[in-house]
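These notes concern the structure reproduced below.
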Amino acid sequence: MAIQKLLKQYCDKIINRWQNNPDSLKGVSFRFIGDTSVFSDNIRERFHVVENISSNQSIITSVINIAVNYGGRNEIIRSVNDFIKKNPGKKIT
């Protein structure tokens, strides 16, 4: 739970900074990668807000990927399941 609290505080800090001075995030885009489904609706909404406010720019010079609940095993499982869904009956090698 402490990590979720830190994520919430971090997102709030970015949102407040942008609201007070939109140019302070000029050129920076934030992306949250990984399985966000385990987080509360409150935190997922903050992820969404941060991604939206930072992606609505004409020029993006820096992308900051924040990996949350991210693991290699889950990525492999998700990729295989996506492949199976998109390619029914095709052999996986």
Side-chain angles (χ1 to χ4, degrees):
M1 290 300 176
I3 291 177
Q4 290 193 36
K5 184 177 179 181
L6 285 172
L7 282 169
K8 180 185 173 298
Q9 289 173 346
Y10 180 71
C11 289
D12 287 345
K13 185 174 182 178
I14 292 170
I15 294 166
N16 289 335
R17 183 173 175 183
W18 178 80
Q19 288 173 334
N20 292 326
N21 182 7
D23 286 341
S24 66
L25 296 175
K26 190 173 184 175
V28 178
S29 176
F30 292 91
R31 290 187 337 179
F32 292 88
I33 59 174
D35 181 9
T36 60
S37 67
V38 300
F39 294 95
S40 69
D41 291 343
N42 193 326
I43 292 177
R44 284 197 319 269
E45 176 62 25
R46 281 177 168 79
F47 290 169
H48 182 70
V49 169
V50 168
E51 287 178 333
N52 281 341
I53 63 175
S54 68
S55 66
N56 283 334
Q57 302 181 58
S58 58
I59 298 174
I60 295 176
T61 56
S62 302
V63 177
I64 299 173
N65 292 310
I66 303 166
V68 294
N69 195 31
Y70 186 86
R73 182 178 179 170
N74 286 338
E75 283 299 305
I76 292 169
I77 291 169
R78 192 174 76 206
S79 295
V80 169
N81 286 334
D82 285 347
F83 179 85
I84 291 168
K85 187 185 290 184
K86 292 176 184 175
N87 303 283
K90 189 169 183 180
K91 183 178 178 181
I92 298 174
T93 59

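Just so it is clear, the values below take in all heavy atoms, side chains as well, and ignore hydrogens, waters and symmetry mates.
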Q. Taking atom NZ of Lys26 and atom CD1 of Ile59, what is their separation to the nearest 0.5 Å?
A. 7.5 Å
Q. Is any side-chain heavy atom of Val50 less than 4.5 Å from a side-chain heavy atom of Cys11?
A. yes
Q | Joint cluster assignment, Ile66 & Ile33, ILVMFWY side-chain distance < 4.5 Å | A | no
Q: Measure the CG-CD1 distance between Asp35 and Ile77 for me, rounded to the nearest 0.5 Å.
A: 11.0 Å
Q. Parallel, tilted or perpendicular: which describes the rings of Tyr10 and Phe30, with under 30° parallel and over 60° perpendicular?
A. perpendicular
Q: State, to 0.1 Å, how close Phe83 and Lys90 come at their nearest heavy-atom pair, and which atoms those are.
A: CZ-CD, 3.9 Å
Q | Sidechain-backbone polar pair: Gln57 side chain, Ser29 backbone, donor-acceptor under 3.5 Å | A | no
Q) Would you call Asp82 and Lys86 a salt bridge, using N to O less than 4.0 angstrom? A) no
Q. With distance as the sole test, does Asn69 use its side chain to make a donor-acceptor pair with the main-chain N or O of Thr36 at under 3.5 Å?
A. no
Q) Under 4.0 Å between a Lys/Arg side-chain N and an Asp/Glu carboxylate O for Asp41 and Arg44? A) yes
Q: Check the hydrophobic clustering (I, L, V, M, F, W, Y; side-chain heavy atoms under 4.5 Å; chains of links allowed) and say if Ile64 and Ile14 are grouped together.
A: yes
**Q.** All side-chain hydrogen bond (donor to acceptor under 3.5 Å, both in side chains) counterparts of Asn20, not counting sequence neighbours
**A.** none
(Q) Please tell me whether Val38 and Phe47 are part of a single hydrophobic cluster in this structure, the criterion being side-chain heavy atoms less than 4.5 Å apart. (A) yes
(Q) How long is the straight-line distance from NZ of Lys13 back to CG of Leu6, given to the nearest 0.5 Å? (A) 11.5 Å
Q. Side chains of Gln19 and Ile15: closer than 4.5 Å at any heavy-atom pair?
A. yes
(Q) With rounding to the nearest 0.5 angstrom, report the CD1 to NZ distance, Ile43 to Lys8. (A) 8.0 Å
Q. Would you say Gln4's side chain and Phe39's backbone share a donor-acceptor pair under 3.5 angstrom?
A. no
Q: Would you give the length of the straight line joining atom CG of Leu7 to atom OG of Ser40, rounded to the nearest 0.5 angstrom?
A: 10.0 Å
Q.
Assigning hydrophobic clusters by single linkage (Ile, Leu, Val, Met, Phe, Trp, Tyr; side-chain heavy-atom cutoff under 4.5 Å), is Ile76 placed with Ile92?
A. yes
